[in-house]
Amino acid sequence: MMIHNPEIASLFNRYAILLDIDRANSFRVRAYRNAARTIENLPRDVGEMLAAGEDLSELPGIGKDLAHKIAAIVETGHFAELDDIEHRIPAALADLADVPGLGPKRVKQLYESLKIKSLADLAQAARAGKLRTLGGFGPKLEQTILKAAESRVGGEQRIRLAAAEQIAEPLVAYLKALRGVSKVIVAGSYRRRRETVGDLDILATAPTGAKAIDAFVRYDEVGSVLSRGTTRATVKLKSGLQVDLRVVKEESYGAALVYFTGSKAHNIALRLKGIKRRLKINEYGVFRKERWIAGRSEKEVYAEIGLPCIEPELRENNGEIEAAQSGTLPRLVTLEKIRGDLHTHTDASDGSGSIEDMARAAVARGYEYLAISDHAKHVGITHGLDARRLARQIAQIDRRNAGHRDLLLLKSAEVDILPDGKLSLDNAVLADLDLVIAAVHTGFTLNSETQTDRLIRAMDNPYVNIIAHPTGRLIGEREAYAVDMARLMQAAKERGVHLEVNGQPSRLDLSDTHCRMAKAMGLKLALATDAHNPESLGYMRYALDQARRGWIEAKDVLNTRRWPQLKKLLRR
DNA sequence: GCCGTTTTCGGCCCGACTGTTTTCAGTCG
């Protein structure tokens, strides 16, 4: 049984926590965390990379030692050093470090002086008033810990980006309306457009923080105030989402925005570059000795370390700093470049708008074309179109195209890939379409080899143009089906098939890392919404978010082309 | 444990807030 990247990352993270509790060198601890992060964000399984003879020590944050350890884990399924340390100190201590207010030092202290090694032990000792007897602990900390231990909170809950927007937008409007507050912006992973966010990091500018902080903690949706000072406060909303507000003066806006946007790894890398130039970078600005020299805008901050401003979506310390250095940053694709949507549904299948409704919405967005790609009939999909109904729809589209010059409707269909790789419509029918989209909607549990074979067989059909939502994942609901993405992409490239970046907030499929992988392999992507109603054409920006995080430029995208050029790219 | 246009050894981001303390350690982001 193959061990996958998330499990390896989790082993390293667990090891890092235990090392930390065991008072190991903190930089060694950090090395394991960095390596875990690198592995988490890889588009391909390290097992596959090893099998292909690739050298893992070329990955950032992974040296000879960790490369060997990863190879051993892949081979044996075990991380021997983790087993060793778990013989010395109880493995459950790692869970204690998740309790808010407890870090490695206090966990170790609790274990050594009170023999506490589980959440149950912790709650019991806190209830008995034993914690306050320890040096550094007091009644307040004991209460906080007891509450946390009893409710088993901790372990961050991430929510989808689109859900976070629903919460963030009214809060930002509330803060913007405050007297004295000028700029308000949501930074953090929200601004980097990650597919999920764990909390909201809001930055505001004002001459002093006090009033803004006061108003912030009084916001209607605030459930509890976790901390508050003169420049920052942390609250938990009734929805459960944690929100940080940081208030700085106008001249620190750029530096604070860099600091608060992160990622942490990106910031650390920037500050290291600063140190080499004898500069100190913090959220207030860039300093030479004690003297403030920059910080009004992000551009200023980057300029002081000799870099052009880097787009937030790229700030993950995944090579963007080196690219900025060498002048090879991508010019990320923007919404203005998108000329049409390549995957939409109407009320002919499971959508709720008519063809005309969808067409008008597309015109309103300034699109030049719109693919009408209703589901083809297949067991399990209700209202799917059979050959007869599809023929009628084609005639309807032809009539509209003949009578209107505002928009070109593309005749399309979303065809099921059957378990054996065949399609749910005959080639005779597919031949009448401008664009054939194929997708997996059943059989998610096949093993990787079978699933990959199945998809490649579908691509062997010469009418297939695009594979929709290529991994089938639903964020927070369903894992991606097992598939060898490197082999899938290679096969797509060889056959002139394109992969979709699906903008449905629950899908975002391909993911950012897969977008980047596709680009590296020279594939072109279809950015599409899979809209089931006219409003959902707006999901295009979520597809763009993923693509931009994956370093995708306009030239890497099919639907930045005018129809004649796009048509050529679709030809197989 | 990683890394290198100062380095293969000696560095490794930086500050706010809390609760505990009488000046600071631990945690968090």
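Worth saying up front: this structure is predicted, and the values here are computed from it rather than measured. As a basis for the values below, the full set of heavy atoms in this structure was taken, side chains included, without hydrogen atoms, waters or symmetry mates. Sequence lines set the chain letters: A, B, ... in the order given, protein chains first and strands last, and positions in each chain run from 1.
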Separation between the C1' atoms of B:dA16 and B:dG11, rounded to whole Å: 26 Å

Expressed as a whole number of angstroms, how long is the span from A:Arg106:CZ to B:dG19:C1'? 8 Å

A:Arg487: which residues meet the side-chain contact (heavy atoms from CB on, under 4.5 Å) condition with it, sequence neighbours left out? A:Glu449, A:Thr452, A:Asp453, A:Ile456, A:Asp484

Are side-chain N/O atoms of A:Asn41 and A:Thr513 paired as donor and acceptor at under 3.5 Å? no

Nearest-Å distance once atom C1' is located in both B:dG15 and B:dT8: 33 Å

Output all residues satisfying side-chain hydrogen bond (donor to acceptor under 3.5 Å, both in side chains) with A:Lys555, sequence neighbours left out; order by chain, then residue number. A:Glu553

A:Leu272 side-chain proximity, nearest of B:dC12, B:dA16, B:dT27: B:dC12

Pair A:Arg192, A:Glu316 - check salt bridge (charged side-chain N to carboxylate O under 4.0 Å, His left out), show working. CA-CA 9 Å; A:Arg192 302 200 310 278; A:Glu316 300 290 348; 2.8 Å; yes

Cut-off 3.5 Å, no hydrogens considered: what does the side-chain donor-acceptor table look like for residues 51-64 of chain A, sequence neighbours left out?
from: A:Glu54; atom 1: OE2; to: A:Arg44; atom 2: NH1; distance (Å): 3.0
from: A:Glu54; atom 1: OE2; to: A:Arg44; atom 2: NH2; distance (Å): 3.3
from: A:Asp55; atom 1: OD1; to: A:Ser57; atom 2: N; distance (Å): 3.0
from: A:Asp55; atom 1: OD1; to: A:Ser57; atom 2: OG; distance (Å): 2.9
from: A:Asp55; atom 1: OD2; to: A:Ser57; atom 2: OG; distance (Å): 3.1

Establish, with yes or no, whether the OP1 or OP2 oxygen of B:dC28 is under 4.0 angstrom from a side-chain nitrogen or oxygen of A:Gln242. no

Does B:dG1 have its OP1 or OP2 closer than 4.0 Å to a side-chain nitrogen or oxygen of A:Lys69? yes

Looking across every strand, which nucleic acid part, if any, lies under 4.0 Å from A:Leu102 by heavy atom: base, sugar-phosphate, or nothing? sugar-phosphate

So what does A:Gly101 touch, heavy atoms closer than 4.0 Å: a base, only the sugar-phosphate, or nothing? sugar-phosphate

Rounded to whole Å, CG of A:Asp20 lies from P of B:dC12 at a distance of 18 Å

Just to be sure I understand the rule, does A:Asn282 reach a base, reach only the sugar-phosphate, or reach nothing, if contact means heavy atoms closer than 4.0 Å? sugar-phosphate

Using a strict heavy-atom distance below 4.0 Å, which residues from residues 31-45 of chain A are in contact with DNA chain B? A:Ala31, A:Tyr32

Please list, for nucleotides 3-9 of chain B, all pairs of protein and nucleotide N/O atoms separated by less than 3.5 Å.
from: B:dC3; atom 1: OP1; to: A:Gly61; atom 2: N; distance (Å): 2.8

Rounded to the nearest Å, what distance is computed from the CG atom of residue A:Asp244 to the C1' atom of nucleotide B:dT27? 13 Å

For DNA chain B, determine which residues of residues 309-327 of chain A have any heavy atom closer than 4.0 angstrom to one of its atoms, and list them numerically. none

Output yes when at least one side-chain N/O atom of A:Arg30 is less than 4.0 Å from OP1 or OP2 of B:dC13, else no. yes

So what does A:Tyr284 touch, heavy atoms closer than 4.0 Å: a base, only the sugar-phosphate, or nothing? sugar-phosphate

Could you give the CD1-to-C1' distance, from A:Ile268 to B:dG15, as a whole number of Å? 13 Å

Residues in side-chain contact (heavy atoms from CB on, under 4.5 Å) with A:Ser239, at least two apart? A:Ile167, A:Leu237, A:Leu241

Closest-nucleotide 5' rank along DNA chain B - winner of A:Ala97 and A:Gly136: A:Gly136

If only side-chain N and O atoms of A:Tyr15 are considered, is one of them under 4.0 Å from the OP1 or OP2 phosphate oxygen of B:dG1? no

With C1' as the reference atom in both, quote the distance from B:dT20 to B:dC13 in angstrom, rounded to an integer. 26 Å

Enumerate donor-acceptor pairs with a distance under 3.5 Å from any side-chain N or O in residues 182-190 of chain A to protein atoms, sequence neighbours excluded.
from: A:Ser182; atom 1: OG; to: A:Thr205; atom 2: OG1; distance (Å): 2.8
from: A:Ser182; atom 1: OG; to: A:Glu250; atom 2: OE1; distance (Å): 3.0
from: A:Lys183; atom 1: NZ; to: A:Glu250; atom 2: OE2; distance (Å): 2.2

What is the distance, to the nearest angstrom, from the CD atom on A:Glu283 to the C1' atom on B:dA16? 8 Å

Between B:dC2 and B:dT7, how far apart are the C1' atoms? Round to whole Å, please. 14 Å

A:His266 and A:Asn317: side chain donor to acceptor below 3.5 Å: no

Look at all strands and tell whether A:Arg28 reaches a base, only sugar-phosphate, or nothing, counting heavy atoms closer than 4.0 Å. base

Distance-only polar pair, side chains of A:Arg191 and A:Thr261, donor-acceptor under 3.5 Å: yes

Sorted by number, residues from residues 229-237 of chain A placing a heavy atom under 4.0 Å from DNA chain B are A:Gly229, A:Thr230, A:Thr231, A:Arg232

Side-chain donor-acceptor distances from residues 285-294 of chain A under 3.5 Å, at least two apart:
from: A:Trp292; atom 1: NE1; to: A:Tyr284; atom 2: O; distance (Å): 3.0
from: A:Trp292; atom 1: NE1; to: A:Ala294; atom 2: O; distance (Å): 3.3

Taking only the side-chain heavy atoms of A:Arg271 (C-beta and beyond), determine which of B:dT18, B:dC13, B:dC2 contains the nearest atom. B:dC13

For A:Tyr32, check ring pair (Phe, Tyr, Trp, His ring centres under 6.0 Å) against everything at least two apart and list the hits. A:Phe12, A:Tyr15

Check: A:Tyr542/A:Glu165 side-chain N/O donor and acceptor closer than 3.5 Å: yes

Work out how far the P atom of B:dC12 is from that of B:dC17, and round it to whole angstrom. 25 Å

Candidate nucleotides B:dT18, B:dG1, B:dG19, ranked by approach to the side chain of A:Ser227 - the nearest: B:dT18

Using the C1' atoms only, state how far B:dT23 lies from B:dG19, rounded to an integer number of Å. 13 Å

Test salt bridge (charged side-chain N to carboxylate O under 4.0 Å, His left out) applied to A:Glu311 and A:Arg193, step by step: CA-CA 11 Å; A:Glu311 303 259 24; A:Arg193 309 309 287 166; over 6 Å; no

Distance in angstrom units between A:Asn267 CG and B:dC13 C1', rounded: 9 Å

Let's see if you can work this out: which of B:dG15, B:dG29, B:dG1 has an atom nearest to the side-chain heavy atoms of A:Lys280? B:dG15

Sugar-phosphate, base or nothing in reach of A:Lys140, heavy atoms under 4.0 Å: sugar-phosphate

Mapping A:Gly103 and A:Asn25 to their closest nucleotides on DNA chain B, which lands nearer the 5' end? A:Asn25

Run the side-chain donor-acceptor check on residues 76-91 of chain A: report pairs under 3.5 Å with partners two or more places apart or on a different chain.
from: A:Thr76; atom 1: OG1; to: A:Ala72; atom 2: O; distance (Å): 2.8
from: A:Thr76; atom 1: OG1; to: A:His78; atom 2: N; distance (Å): 3.0
from: A:Thr76; atom 1: OG1; to: A:His78; atom 2: O; distance (Å): 3.1
from: A:His87; atom 1: ND1; to: A:Asp83; atom 2: O; distance (Å): 3.0
from: A:Arg88; atom 1: NH2; to: A:Asp22; atom 2: OD2; distance (Å): 2.7

Under 4.0 Å between any heavy atoms, over every strand shown, what does A:Lys108 touch: base, sugar-phosphate, or nothing? Just pick one. nothing

A:Gln124-A:Lys130 side chain donor-acceptor pair, cut-off 3.5 Å: no

Taking atom P in both B:dT22 and B:dG26, compute the distance separating them and give it to the nearest angstrom. 14 Å

